[in-house]
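Positions are given from 1 along the sequence.
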Amino acid sequence: MLRTYYIFTYGFTAIEENFIGKMLPDKKSVLVSTDCFTDLVACNSYAILIHAASVADEDFKMLWNYYLEVGTNALEAIIVVGNTDVPKQLKKRIKVYFGFEELCQDLKYILLSAYCSNKKTVNFSATLANAIVILSKIRCCPGITTVQLSEELEISQCSVQRYIATLTAAGEWIEYDKILRGWKLTDGKSVLWGDW
């Protein structure tokens with residue numbers, strides 16, 4: 001499954017947008033220029049670029065309040081070009097450049113770094129979700145096969161077997177039942193679900 005990674009921009013000129021577009025780290029990255037400021041926090045992205053001259057004070061207050069509330073849970077890189085007052089608690093989190101030319105020097109590195117960080121998080125989340133789904137399926141459907149798990153999760157059979165090995169190493173008592181010809185939990189109990 002092909003995943004798309006978004007960068008949102010607000011308030012830049014067409015020439016600046018074109019330059020930003022040339023700095024995208026890979027073909028999965030898509031640049032979205034929005035004219036609705038709230039899209040910046042409503043949509044999933046790995047980087048947000050804002051031209052401060054285009055933003056009303058009340059919009060910046062809304063943005064700062066959002067990031068103060070979510071804290072370090074927000075993963076995207078936030079870059080502001082132009083003069084703005086960033087709350088003290090967010091100064092390490094939000095990069096401010098006085099002009100677009102200054103940003104241009106660092107932009108490729110910033111976007112690549114944000115992309116790699118986001119991709120690691122997405123991959124870890126997918127891995128964790130797949131492991132939990134496999135455990136749940138084995139718990140609910142004793143005798144489920146590797147092929148069935150592979151088809152349901154749309155991953156390879158080797159990946160299913162690695163997830164099962166990982167779950168077993170983490171303390172789950174998963175075993176292959178020769179009679180059922182599939183996977184089951186020993187005594188039908190899971191450590192993660194607190195069955196013991």
Side-chain angles (χ1 to χ4, degrees), residues 1-132 153-156 159 162-163 166:
M1 177 169 67
L2 184 66
R3 176 166 166 68
T4 304
Y5 296 87
Y6 294 101
I7 297 172
F8 276 82
T9 62
Y10 183 84
F12 291 92
T13 66
I15 293 170
E16 292 168 336
E17 292 281 340
N18 188 40
F19 181 83
I20 294 167
K22 290 178 182 177
M23 296 293 117
L24 299 180
D26 75 353
K27 293 179 182 177
K28 295 178 192 173
S29 293
V30 175
L31 182 64
V32 179
S33 176
T34 183
D35 57 359
C36 179
F37 192 77
T38 56
D39 284 352
L40 297 177
V41 293
C43 298
N44 190 15
S45 64
Y46 69 87
I48 295 171
L49 287 86
I50 303 165
H51 201 294
S54 304
V55 181
D57 288 341
E58 60 269 9
D59 286 336
F60 264 133
K61 286 179 187 173
M62 179 273 304
L63 187 68
W64 303 151
N65 286 335
Y66 170 77
Y67 283 109
L68 287 169
E69 187 175 318
V70 297
T72 57
N73 294 329
L75 300 172
E76 65 275 352
I78 304 141
I79 300 102
V80 178
V81 175
N83 191 18
T84 184
D85 291 325
V86 177
K88 187 169 65 170
Q89 306 93 309
L90 297 175
K91 288 199 186 254
K92 288 184 181 178
R93 174 89 175 81
I94 296 169
K95 295 178 181 160
V96 178
Y97 291 85
F98 293 106
F100 190 75
E101 296 76 25
E102 183 186 359
L103 170 65
C104 291
Q105 297 171 13
D106 296 342
L107 186 58
K108 190 169 188 114
Y109 170 76
I110 290 168
L111 294 181
L112 181 60
S113 178
Y115 172 78
C116 291
S117 178
N118 183 270
K119 196 170 179 183
K120 283 180 191 175
T121 302
V122 167
N123 289 343
F124 175 76
S125 297
T127 299
L128 185 59
N130 283 340
I132 291 171
L153 276 79
E154 298 178 2
I155 58 176
S156 71
S159 292
R162 280 194 301 271
Y163 282 119
T166 300

* Asked: In terms of ring plane angle, is the pair Trp64 and Phe60 parallel, tilted or perpendicular, where the classes change at 30° and 60°?
  -> parallel
* Which heavy-atom pair separates His51 from Gly11 by the least distance, and what is that distance? -> CB-O, 3.4 Å
* Asked: Say you draw a straight line from NZ of Lys95 to CG of Asp106; how long is it, rounded to the nearest 0.5 Å?
  -> 8.0 Å
* Residue pair Thr127, Asn130: steps toward the side chain to side chain donor-acceptor pair (under 3.5 Å) verdict -> CA-CA 5 Å; Thr127 299; Asn130 283 340; 6.0 Å; no
* Quick one: does Glu16's side chain have a donor or acceptor within less than 3.5 Å of a partner on Thr13's backbone? -> yes
* **Min side-chain heavy-atom separation Ile110-Tyr97 under 4.5 Å** => yes
* Measuring from Ile20:CD1 to Leu103:CG, what's the distance to the nearest 0.5 Å? -> 6.5 Å
* Note, Phe19 side chain near Phe12 side chain (heavy atom, < 4.5 Å) -> no
* Structure fact -> Output for pair (Lys119 NZ, Ser29 OG), nearest 0.5 Å, gives 9.0 Å
* Which heavy atom in Tyr46 sits nearest to a heavy atom in Pro25, and how many Å separate them? -> OH-CD, 3.1 Å
* Asked: Donor-acceptor pair, Ser117 side chain versus Ser113 backbone, under 3.5 Å?
  -> no
* **With sequence neighbours excluded, residues passing side chain to side chain contact (heavy atoms under 4.5 Å, CB included) with Thr38** => Cys36, Met62
* Centres of the Phe37 and Tyr10 rings: under 6.0 Å? -> yes
* Nearest-0.5 Å distance that lies between atom CD1 in Ile7 and atom CG in Leu111 -> 4.5 Å
* Asked: Going by heavy atoms in the side chains, are Leu24 and Tyr5 under 4.5 Å from each other?
  -> no
* Could you check if a side-chain atom of Leu31 sits within less than 4.5 angstrom of a side-chain atom of Tyr6, using non-hydrogen atoms only? => no
* Non-hydrogen atoms of Gly82 and Val96 that approach each other most closely -> O-CG1, 3.5 Å
* Asked: What residues, two or more places apart in sequence or in another chain, satisfy side chain to side chain donor-acceptor pair (under 3.5 Å) together with Asn83?
  -> none
* Any donor-acceptor pair under 3.5 Å from Asn65 side chain to Lys61 backbone -> yes
* Of all the heavy-atom pairs spanning Leu49 and Leu107, show the shortest one and how long it is. => CD2-CD1, 3.8 Å
* How about Leu128: does its CG atom have over 12 heavy atoms from other parts shown lying under 6.0 Å from it? -> yes
* Asked: Any side-chain heavy-atom pair from Leu68 and Gln89 closer than 4.5 angstrom?
  -> yes
* To do: Count the heavy atoms belonging to other residues, nucleotides or ligands that lie under 6.0 Å from CG of Asp85, then report whether that count exceeds 12.
  => no
* How about Asp57: does its CG atom have over 12 heavy atoms from other parts shown lying under 6.0 Å from it? -> no
* **Side-chain (Ser45) to main-chain (Ile48) donor-acceptor, under 3.5 angstrom** => no
* Asked: So how far is it from Ile78 CD1 to Leu90 CG, rounded to the nearest 0.5 Å?
  -> 7.5 Å
* **Heavy-atom side-chain proximity of Lys22 to Lys108 below 4.5 angstrom** => no
* To do: Please report the shortest heavy-atom distance between Phe98 and Glu102, naming the atom on each side.
  => N-OE1, 3.0 Å
* To do: Run through Ile50, Leu63, Thr84, Val80 and flag the one making a side-chain contact (heavy atoms from CB on, under 4.5 Å) with Val55.
  => Ile50
* **Closest heavy-atom pair and its distance - Asn44, Phe8** => O-CE1, 4.0 Å
